[in-house]
J.: 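My structure is below; once you've seen it, I'll send some questions.
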Amino acid sequence: MAKKHTTTSGIEIKDVYTTASQNQELPGQFPFTRGIQKDMYRGRLWTMRQYAGFSTAEESNKRYHYLLAQGTMGLSVAFDLPTQIGYDSDDEMAEGEVGKVGVAIDSLKDIEILFDGIQLQDITTSMTINATASILLAMYIALAKKQGADLQQISGTIQNDILKEYAARGTYIYPPKPSMRIITDIFEYCSKELPKWNTISISGYHIREAGSTAVQELAFTLANGKAYLNAALQKGLDINVFAKRLSFFFNCHNNFFEEIAKFRAARRMWANITKGLGATDEKAMMLRFHTQTGGSTLTAQQPLNNVMRVSNQALAAVLGGTQSLHTNGYDEALSLPTEAAAKIALRTQQVIAFESGVTDTVDPLAGSYFIESLTDEIEAAANIYIDKIEMMGGSVNAIENGYIQQEIANASYQYQKEVESGERVIVGVNKFTQKEDSFDEVFNIDESIRTIQVDKLKKLKAERNNIAVEAALNDLKNAAKGTENLMPFILLAVQEYATLGEIANCLREVFGEY
């Protein structure tokens with residue numbers, strides 16, 4: 001019997017495709033399968049971001065200046081785990097984790113150092129932060145104000161997607177309902193104060209990293225997006241205003257055509273979801289997304305093979321119509337990326353942009369029998385999941401009853417079985433292996449960082465106006481007990497140099513922990 005070929009989501013691939021839907025749709029037109037701009041990269045290339053952040057704000061600032069000098073068009077900030085879950089560097093819960101997987105940020109003082117010499121009005125900044133997104137955004141706003149920037153022109157993105165934290169990643173603090181309140185408060189605040197800011201990056205990336213298939217990544221991400229739309233509508237916000245500031249964050253793995261079809265299907269599905277919920281402005285129906293190449297696809301064995309994997313994934317993201325792209329360093333299965341690996345990752349994007357010719361026309365794979373059929377099949381498979389989640393009452397209920405987590409776990413288990421049996425080939429891991437030479441070029445974080453951060457905190461607390469800090473925190477606590485928008489209160493606390501941990505603990509007292 002002939003071997004059956006399938007995508008990673010189990011969609012069967014035929015030997016040959018001879019027909020597809022006769023879609024005469026044009027780019028820039030509803031439902032945007034072919035892209036959200038009519039000229040796509042002929043008009044403007046995607047934003048080339050490099051995800052960086054480690055150690056102290058001082059060290060990360062040096063890397064940012066290096067990346068900007070190499071041609072990076074936007075910064076993407078990684079935060080350490082204590083920052084992500086609302087602990088200051090001197091908290092006992094932070095021990096062993098300060099500055100490890102990202103930069104340690106304890107107060108506005110650290111943000112001032114992080115962006116020293118960088119005008120926030122001149123760049124776009126993406127911050128991968130969720131449970132403490134409101135606090136980090138407030139710090140960014142406070143710095144922008146200090147720089148004299150026009151807040152109406154400040155642009156960037158906070159991830160701010162707490163639902164995927166419950167489902168796949170785990171850096172949540174508060175229960176789902178208060179978390180959703182904070183998120184919709186950010187939507188409301190930014191629609192008035194920071195109209196160019198993307199208030200959420202609804203993330204499939206971490207769902208995929210947790211082991212989902214491409215179809216599950218798409219379905220669960222859009223189902224979460226629908227939950228955020230409904231939460232904002234219940235707050236009385238106008239979908240034609242706030243939906244324009246929602247963005248998405250997708251993963252890109254190795255199955256080249258499946259990934260391209262996934263991105264095309266995502267745009268079409270989101271356009272129909274927003275229209276179904278009452279959007280009439282086409283800009284509110286457009287799915288804009290950032291892509292990161294697949295971290296979980298990188299191998300510690302034969303790490304230079306990862307250069308090819310990242311190139312393949314980056315090309316798929318571009319052919320799928322991404323607005324923004326981060327390419328991983330080849331050494332990231334071993335450590336944070338070295339400068340050499342970060343430079344090759346950025347050059348990969350630049351070669352695709354300026355040498356490959358794939359940017360010369362819009363959606364160059366449109367009309368391919370295979371791509372069009374696969375786009376339709378991925379959409380149909382993802383809609384089955386979304387319909388199931390709707391029947392459960394939406395994403396919050398589906399997460400609370402464990403359905404989404406279990407589906408991801410089952411897919412992850414199946415994938416691992418296929419790797420271990422050799423049915424799924426991973427070059428250099430279960431086929432074409434060799435005796436490994438040691439790979440010495442790894443990026444190490446100095447263990448003294450916590451001491452540096454603790455000393456900075458002591459100095460900050462000795463120099464700030466502690467009476468004003470206490471008053472700001474009390475005002476925030478009282479606002480959290482009521483129904484007022486929390487962002488102005490968080491901003492006031494940040495401007496008085498209240499620490500991230502103090503603000504998070506203040507909200508813990510009111511909302512509790514999940």
J.: Taking the side chain as C-beta and beyond, is there a heavy-atom pair between T125 and F115 under 4.5 Å?
T.: yes
J.: Please report the shortest heavy-atom distance between T221 and G204, naming the atom on each side.
T.: OG1-CA, 2.9 Å
J.: Is the count of non-hydrogen atoms from other residues, nucleotides or ligands lying under 6.0 Å from M93 atom CE greater than 12?
T.: no
J.: Answer with yes or no whether the side chains of S203 and D161 bring together a donor and an acceptor at under 3.5 Å.
T.: no
J.: Is it the case that the side chain of E332 and the backbone of P337 share a donor-acceptor pair, with hydrogens and angles ignored and the cut-off at 3.5 Å?
T.: no
J.: Sub-3.5 Å donor-acceptor pair from the side chain of S412 to the main-chain atoms of I408, do we have one?
T.: no
J.: Could you check whether any side-chain N or O of E217 sits under 3.5 Å from a backbone N or O of N251, counting only pairs where one atom can act as donor and the other as acceptor?
T.: yes
J.: With a 6.0 Å cut-off on ring centres, are F289 and W270 close enough?
T.: no
J.: Is there side-chain contact between I85 and E97, with at least one heavy-atom pair below 4.5 Å?
T.: no
J.: For G86, does its backbone N or O pair with a side-chain atom of R508 as donor and acceptor, under 3.5 Å?
T.: yes
J.: Say you draw a straight line from OG of S107 to CD of E502; how long is it, rounded to the nearest 0.5 Å?
T.: 9.5 Å
J.: Mind listing the closest non-hydrogen atom pair of A333 and A300 along with its distance?
T.: CB-N, 3.6 Å
J.: Within a radius of less than 6.0 Å around CZ of R42, do more than 12 heavy atoms belonging to other residues, nucleotides or ligands occur?
T.: no
J.: Quick one: closest heavy-atom pair of R34 and R267, and the distance?
T.: C-NH2, 4.1 Å
J.: Could you measure the distance from the CE atom of M180 to the CD1 atom of I162? Nearest 0.5 Å is fine.
T.: 10.0 Å
J.: More than 12 heavy atoms of other residues, nucleotides or ligands under 6.0 Å from CD1 of I344: is that the case?
T.: no
J.: Check R268 against T33 and note the closest heavy-atom contact, atom names and distance.
T.: CD-OG1, 3.1 Å
J.: List the steps and the verdict of side-chain contact (heavy atoms from CB on, under 4.5 Å) for T213 and Y415.
T.: CA-CA 9 Å; T213 65; Y415 175 88; over 6 Å; no
J.: For the side chain of T327 and the backbone of Q349, is there at least one donor-acceptor N/O pair under 3.5 Å apart?
T.: no
J.: Check whether any side-chain heavy atom of L246 sits under 4.5 Å from a side-chain heavy atom of F187, and report yes or no.
T.: yes
J.: Taking the basic N atoms (NZ, or NE/NH1/NH2) and the acidic carboxylate oxygens, is any pair closer than 4.0 Å for D106 and K456?
T.: no
J.: When rounded to the nearest 0.5 angstrom, what is the spacing between NZ in K244 and CE in M285?
T.: 10.5 Å
J.: Does the side chain of N328 come under 3.5 Å of the side chain of T293 through a donor N or O and an acceptor N or O?
T.: yes
J.: Among L68, L114, L120, whose side chain to side chain contact (heavy atoms under 4.5 Å, CB included) with L75 holds?
T.: L68
J.: For the pair D185 (side chain) and N485 (backbone), establish whether a donor and an acceptor sit closer than 3.5 Å, ignoring hydrogens and angles.
T.: no
J.: Is there a side-chain contact between R208 and T8 (heavy atoms, below 4.5 Å)?
T.: yes
J.: Report, as yes or no, whether the 6.0 Å neighbourhood of atom NZ on K461 holds more than 12 heavy atoms from other residues, nucleotides or ligands.
T.: yes
J.: Under the criterion ring-ring contact (aromatic ring centres under 6.0 Å, His included), which of Y172, F220, Y174 is the partner of Y166?
T.: Y172
J.: Under the 3.5 angstrom rule, does the side chain of E209 hit a backbone N or O of S296 as a donor-acceptor pair?
T.: yes
J.: Is there a side-chain contact between L136 and L500 (heavy atoms, below 4.5 Å)?
T.: yes
J.: Before giving the answer on side-chain contact (heavy atoms from CB on, under 4.5 Å), spell out for E193 and M487 the whole-Å C-alpha distance, their side-chain angles and the decisive distance to 0.1 Å.
T.: CA-CA 11 Å; E193 305 294 330; M487 276 304 295; over 6 Å; no
J.: Can a donor-acceptor pair be found, under 3.5 Å and without considering hydrogens, that links the side chain of T433 to the backbone of N430?
T.: no
J.: Between atom CG of L137 and atom CG of L194, what is the distance when rounded to the nearest 0.5 Å?
T.: 6.5 Å
J.: Considering only NZ, NE, NH1 and NH2 on the basic side and carboxylate oxygens on the acidic side, decide whether D90 and K458 come within less than 4.0 Å.
T.: no
J.: If every non-hydrogen atom of Q313 is compared with every non-hydrogen atom of G294, which pair is closest and at what distance?
T.: OE1-N, 2.9 Å
J.: Show, in sequence, the C-alpha distance, side-chain angles and deciding distance for E259 and H253, and conclude whether the side-chain contact (heavy atoms from CB on, under 4.5 Å) test is met.
T.: CA-CA 7 Å; E259 295 301 311; H253 274 217; 3.8 Å; yes
J.: Any chance the side chains of R309 and T297 put a donor and an acceptor closer than 3.5 Å?
T.: no
J.: Looking only at atom types and distance, does a side-chain atom of N306 sit under 3.5 Å from a main-chain N or O of D331, one as donor and one as acceptor?
T.: no
J.: What heavy-atom pair brings Q84 and A131 nearest, and what distance separates the two atoms?
T.: O-CB, 3.7 Å
J.: Have a look at H290 and tell me which of F249, F248, Y205, W46 forms a ring-ring contact (aromatic ring centres under 6.0 Å, His included) with it.
T.: F249
J.: Please tell me whether R347 and Q350 have a donor and an acceptor in their side chains that are separated by less than 3.5 angstrom.
T.: yes
J.: What is the distance from atom CG of L325 to atom CD1 of I352, rounded to the nearest 0.5 Å?
T.: 7.0 Å
J.: Looking at CG of N255 and CG of N312, how far apart are the two atoms once the value is rounded to the nearest 0.5 Å?
T.: 9.0 Å
J.: Under a 4.5 Å cut-off applied to non-hydrogen side-chain atoms, are S9 and Q216 in contact?
T.: no
J.: Evaluate the side-chain proximity of I105 to V77: yes if any heavy-atom separation is below 4.5 Å, no if none is.
T.: no
J.: Do R245's NZ or CZ and the ring of Y189 fall within the cation-pi criteria of under 6.0 Å and 45°?
T.: no
J.: Give a yes or no on this: more than 12 heavy atoms of other residues, nucleotides or ligands lie within 6.0 Å of atom CD of Q121.
T.: yes
J.: Between K109 and E463, does the salt bridge (charged side-chain N to carboxylate O under 4.0 Å, His left out) criterion hold? Intermediate values first, please.
T.: CA-CA 12 Å; K109 189 70 76 180; E463 291 174 350; 5.4 Å; no
J.: Can you list the steps and then say if Q495 with M139 is a side-chain contact (heavy atoms from CB on, under 4.5 Å)?
T.: CA-CA 8 Å; Q495 288 173 317; M139 290 179 183; over 6 Å; no
J.: Treating N160 as the side-chain partner and A133 as the backbone partner, does any N or O pair qualify as donor plus acceptor under 3.5 Å?
T.: no
J.: Side-chain contact, heavy-atom cut-off 4.5 Å: E282 with F32?
T.: yes
J.: Using side chain to side chain contact (heavy atoms under 4.5 Å, CB included) as the criterion, point out the one residue from Q70, R63, K62 that pairs with E339.
T.: R63
